[in-house]
Asker: 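Okay, handing you the structure first.
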Amino acid sequence: MVSRLYAPSRAAHRHQDTERPRPVGPLSFGISYDDAQRWQLAHDLGGSPFQRVRRTTVTREGHPRQHTQSTNERVYVLPDGNVQRASRSVFADGAEEALEQAEAAVFGGHLADAPDPAHEETVTADCEDESTSPWPAPEGGCGADFMLCLACKNAYVHPGHHPRLALLRQQLESLRSVLDDGTWDKRWQDHSLRLEDLRDKVGAAAWDAALARAGSDDQALVHLLLKGDLAS
């Protein structure tokens, strides 16, 4: 932008703005803060008439150099229409992943009224067929942790399991107070959600009554489960 100076000789003499070229005769290049102030006063404006026409930011290795990460995202990235259009698929993929995780963290087995002699008893459920486990062991059979039994289609839970599982859910919730959120979420959240889903399927009244029936054997096995001392 080129403008004509009000007082060329005096303005050229006091030129100290190193970000702009020196005036040439009556011509000044660029707009300084003083120029904007004089224009504001001369035209009785409430502020500078010069507005940002383009949002630009400088980044290095993915990090903004001139702003905080929060300011960069809020002011420069999120309002950008190109970013909004490009982000649609990312948001969609994230929503689908969240749905898959939510569906995965539910009780995946079956409820039964009584034990089946053909099923094999485990710490948390009865197994219909370990040879078709979703988590096969290299040497054959099931390689899953006993906590994952509740996510398996081969698992059958009957009322005899309810006291131990109700106690297990209670103990998992108590761990929240002694572990940081990240550690608890990574290690126990999915198991807790499956137990919560199982409680809903069994019924809150029956589940709470079962907790009162938990005995010393149940307490010992739950303690070992939480310590990781039991393997499938």
Side-chain angles (χ1 to χ4, degrees), residues 93-232:
D93 291 344
E96 291 179 359
E97 182 179 355
L99 177 60
E100 291 175 358
Q101 291 178 349
E103 291 175 341
V106 297
F107 174 58
H110 310 273
L111 293 179
D113 294 328
D116 187 329
H119 294 168
E120 182 178 353
E121 183 178 1
T122 75
V123 179
T124 55
D126 287 352
C127 180
E128 181 182 29
D129 182 13
E130 70 169 13
S131 65
T132 59
S133 168
W135 305 279
E139 65 277 8
C142 179
D145 184 281
F146 283 126
M147 296 288 287
L148 279 175
C149 288
L150 300 179
C152 181
K153 60 182 176 59
N154 294 323
Y156 283 77
V157 171
H158 56 73
H161 297 114
H162 296 174
R164 185 177 306 163
L165 296 176
L167 179 63
L168 176 59
R169 176 178 175 274
Q170 182 189 65
Q171 293 301 308
L172 284 179
E173 289 301 307
S174 71
L175 288 176
R176 284 181 181 270
S177 62
V178 296
L179 296 176
D180 62 86
D181 291 343
T183 300
W184 191 92
D185 289 348
K186 182 178 180 180
R187 181 68 181 89
W188 303 115
Q189 184 179 48
D190 284 354
H191 300 310
S192 180
L193 289 173
R194 291 189 189 99
L195 288 165
E196 183 70 23
D197 182 58
L198 180 58
R199 178 179 184 269
D200 292 341
K201 289 178 168 63
V202 170
W207 187 269
D208 294 341
L211 177 60
R213 300 197 304 271
S216 58
D217 289 345
D218 296 317
Q219 293 174 358
L221 288 172
V222 166
H223 177 70
L224 293 173
L225 272 175
L226 298 182
K227 286 183 62 180
D229 290 343
L230 292 179
S232 59

Asker: How would you list, by chain and number, every residue that makes a ring pair (Phe, Tyr, Trp, His ring centres under 6.0 Å) with His223, sequence neighbours excluded?
Answerer: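 Scan of His223 (ring pair (Phe, Tyr, Trp, His ring centres under 6.0 Å), adjacent residues dropped) gives none.
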Asker: Carefully, step by step, assess Leu225 and Thr124 under the rule side-chain contact (heavy atoms from CB on, under 4.5 Å).
Answerer: CA-CA 10 Å; Leu225 272 175; Thr124 55; 3.9 Å; yes
Asker: Check this for me, if you would: do Arg164 and Asp217 make a salt bridge, where the nitrogen-to-carboxylate-oxygen distance has to be below 4.0 angstrom?
Answerer: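 Between Asp217 and Arg164 there is no salt bridge, as every charged N stays at least 4.0 Å from the carboxylate O atoms.
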Asker: Please determine whether side-chain contact (heavy atoms from CB on, under 4.5 Å) holds for the pair Met147 and Val123, giving the CA-CA distance in whole Å, both sets of side-chain angles, and the decisive distance to 0.1 Å.
Answerer: CA-CA 8 Å; Met147 296 288 287; Val123 179; over 6 Å; no
Asker: Show, in sequence, the C-alpha distance, side-chain angles and deciding distance for Thr132 and Lys153, and conclude whether the side-chain contact (heavy atoms from CB on, under 4.5 Å) test is met.
Answerer: CA-CA 9 Å; Thr132 59; Lys153 60 182 176 59; 3.9 Å; yes
Asker: Report yes if some heavy atom in the side chain of Gln189 is under 4.5 Å from a heavy atom in the side chain of Asp181; otherwise report no.
Answerer: no
Asker: Got a second to check how far Phe107's CZ is from Leu165's CG, nearest 0.5 Å?
Answerer: 8.5 Å
Asker: If we ignore angles and hydrogens, is there a donor and acceptor under 3.5 Å between the side chains of Asp126 and His161?
Answerer: yes
Asker: Distance from Glu173 atom CD to Leu195 atom CG, nearest 0.5 Å?
Answerer: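 One gets 9.5 Å once the value is rounded to the nearest 0.5 Å.
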Asker: Show your working on side-chain contact (heavy atoms from CB on, under 4.5 Å) between Asp218 and Leu168 and close with a plain yes or no.
Answerer: CA-CA 9 Å; Asp218 296 317; Leu168 176 59; over 6 Å; no
Asker: Is there side-chain contact between Leu150 and Asp197, with heavy atoms separated by less than 4.5 Å?
Answerer: no
Asker: Minimum heavy-atom separation for Cys149 to Ala155, with atom names?
Answerer: O-CB, 3.1 Å
Asker: For Val157 and His162, work out which heavy atoms get closest and say how close.
Answerer: CG1-CD2, 3.9 Å
Asker: Distance check, rounded to the nearest 0.5 Å: Asp129 atom CG versus Cys142 atom SG?
Answerer: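 The CG atom of Asp129 sits 10.5 Å away from the SG atom of Cys142.
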Asker: To the nearest 0.5 Å, what is the distance between OG (Ser177) and CH2 (Trp184)?
Answerer: 11.5 Å
Asker: Can you name the closest pair of heavy atoms from Pro115 and Pro117 and give their distance?
Answerer: O-CD, 3.8 Å
Asker: Which value, rounded to the nearest 0.5 Å, describes the distance between Cys152 atom SG and Phe146 atom CZ?
Answerer: 12.5 Å
Asker: For Gln219 and Ala214, which heavy atoms make the closest approach, and how far apart are they?
Answerer: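 Heavy atoms of Gln219 and Ala214 come nearest at NE2-O, 4.5 Å.
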Asker: Examine distances only and state if a side-chain atom of Asp190 and a backbone atom of Ala105 form a donor-acceptor pair shorter than 3.5 Å.
Answerer: no
Asker: Do Arg176 and Trp188 have side chains that approach each other closer than 4.5 Å (heavy atoms only, starting at C-beta)?
Answerer: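 Side-chain contact under 4.5 Å: no.
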Asker: How many angstroms lie between NZ in Lys201 and NE2 in His110, if you round to the nearest 0.5 Å?
Answerer: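 Spacing of NZ (Lys201) from NE2 (His110) equals 11.5 Å.
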Asker: Is there a side-chain contact between Leu198 and Trp207 in this structure, where contact means two heavy atoms from C-beta onward sitting under 4.5 Å apart?
Answerer: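 Touching, per the 4.5 Å side-chain cut-off.
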